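Residues: numbered from 1 along the sequence shown. Quick caveat: nothing in here was measured; it's all calculated off a predicted structure.
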Amino acid sequence: MGNRSKRNNRIRAKLKKIYDGRIADSRKELEDLKDKHKGEKVYGEATWSGVNQMIKHFRPLTKDDVFLDIGSGRGKMVLHMAVQTPVKKCIGVELVKSRYDDAIKLKEEIGDIPGKEVIFINEDIFKTDAIQQATIIYANVIMWDESLVQKILENMSEGSSIY
């Protein structure tokens, strides 16, 4: 088996580990989020094939890119990007503590991803500098207030892309 084949098998094994199992939010998690942001929020997890399809729509990714997932949930997309793309740094920002905790656990299960920095933050995105660091931003904004989306756009660094 060649080096490329071994590398592909390692990547596939890490991705399988990322997507094994789904966890539903508890009623408490939903209430905590509702209390923090005065409105009902929706949570959904990306699938392996869904993230692969999404990656195809990004501009070409390089080792100089920093990927940011706003509302990163349990970290699957962030870890997927770290494992399968050339980006140097992947950041996930999540408000719900239990989801953030799950992302940290999953990161530990996946283990080291050589040459990649993977960071999860349990905080309001606007209390971090993650938007300014990012060159590629993913946010599922379909249920967000327009003012939040506008604030993200205003804080993005020049040349960054949002999906």
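Residues L68 and Y138 are not in side-chain contact: their nearest non-hydrogen atoms beyond the backbone lie 4.5 Å or more apart. Side-chain contact between F126 and K151 is present, with heavy atoms from C-beta onward closer than 4.5 Å. Taking 4.5 Å as the limit, every side-chain heavy atom of T135 sits out of range of all side-chain heavy atoms of D64. A heavy-atom distance below 4.5 Å is found between the side chains of I136 and F58. Side-chain contact between Y100 and D102 is absent, with no heavy-atom pair separated by less than 4.5 Å. Two residues are said to be in side-chain contact when any heavy atoms from C-beta on lie closer than 4.5 Å; H57 and I55 fail this criterion. Residues L61 and M81 meet the side-chain proximity criterion, which asks for heavy atoms closer than 4.5 Å. Between H80 and N52, the closest side-chain pair of non-hydrogen atoms falls below 4.5 Å.
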Ignoring hydrogens and angles, write down the donor-acceptor pairs under 3.5 Å from the side chains of residues 109-120, residues two or more places apart or on other chains.
unit_1 : atom_1 : unit_2 : atom_2 : d
K116   : NZ     : A82    : O      : 2.8
K116   : NZ     : T85    : O      : 2.2
K116   : NZ     : V87    : O      : 3.3

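How far OG of S49 is from CE of M54: 11.5 Å, rounded to the nearest 0.5 Å. The CD1 atom of I125 sits 9.0 Å away from the OG atom of S72 when rounded to the nearest 0.5 Å. A distance of 5.0 Å separates CG of D69 from CE of M77, quoted to the nearest 0.5 Å.
When all heavy atoms are compared, the tightest approach of E123 to T128 is CG-CG2, 3.9 Å. Across all non-hydrogen atoms, the minimal contact from S160 to A134 is OG-O, 2.8 Å. In plain terms, the two heavy atoms of M156 and I137 that are nearest each other are CG-CD1, 3.6 Å. Considering all non-hydrogen atoms of both residues, V78 and G92 come closest at CG2-CA, 3.7 Å.
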Applying side-chain hydrogen bond (donor to acceptor under 3.5 Å, both in side chains) to Q132 and N155, what does each step give before you reach the verdict? CA-CA 6 Å; Q132 293 81 18; N155 282 279; 3.2 Å; yes
Go through it in stages, so that I can follow the logic: the residues are I152 and I70, the test is side-chain contact (heavy atoms from CB on, under 4.5 Å), and I'd like the CA-CA distance, side-chain angles, deciding distance and then a yes or no. CA-CA 10 Å; I152 291 169; I70 301 174; 3.8 Å; yes
List the steps and the verdict of salt bridge (charged side-chain N to carboxylate O under 4.0 Å, His left out) for R59 and D65. CA-CA 11 Å; R59 64 169 169 70; D65 281 314; 2.9 Å; yes
Under the side-chain contact (heavy atoms from CB on, under 4.5 Å) criterion, do R99 and N122 qualify, and how do the steps go? CA-CA 9 Å; R99 293 179 192 161; N122 179 218; over 6 Å; no
Step by step, would you call R74 with L106 a side-chain contact (heavy atoms from CB on, under 4.5 Å)? CA-CA 8 Å; R74 294 181 169 87; L106 185 56; 5.8 Å; no
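Look at D101 and K97 and you find a salt bridge, because one of the NZ, NE, NH1 or NH2 atoms lies within 4.0 Å of a carboxylate O, short of that distance.
Heavy atoms of other residues, nucleotides or ligands lying less than 6.0 angstrom from CD of E154 number more than 12.
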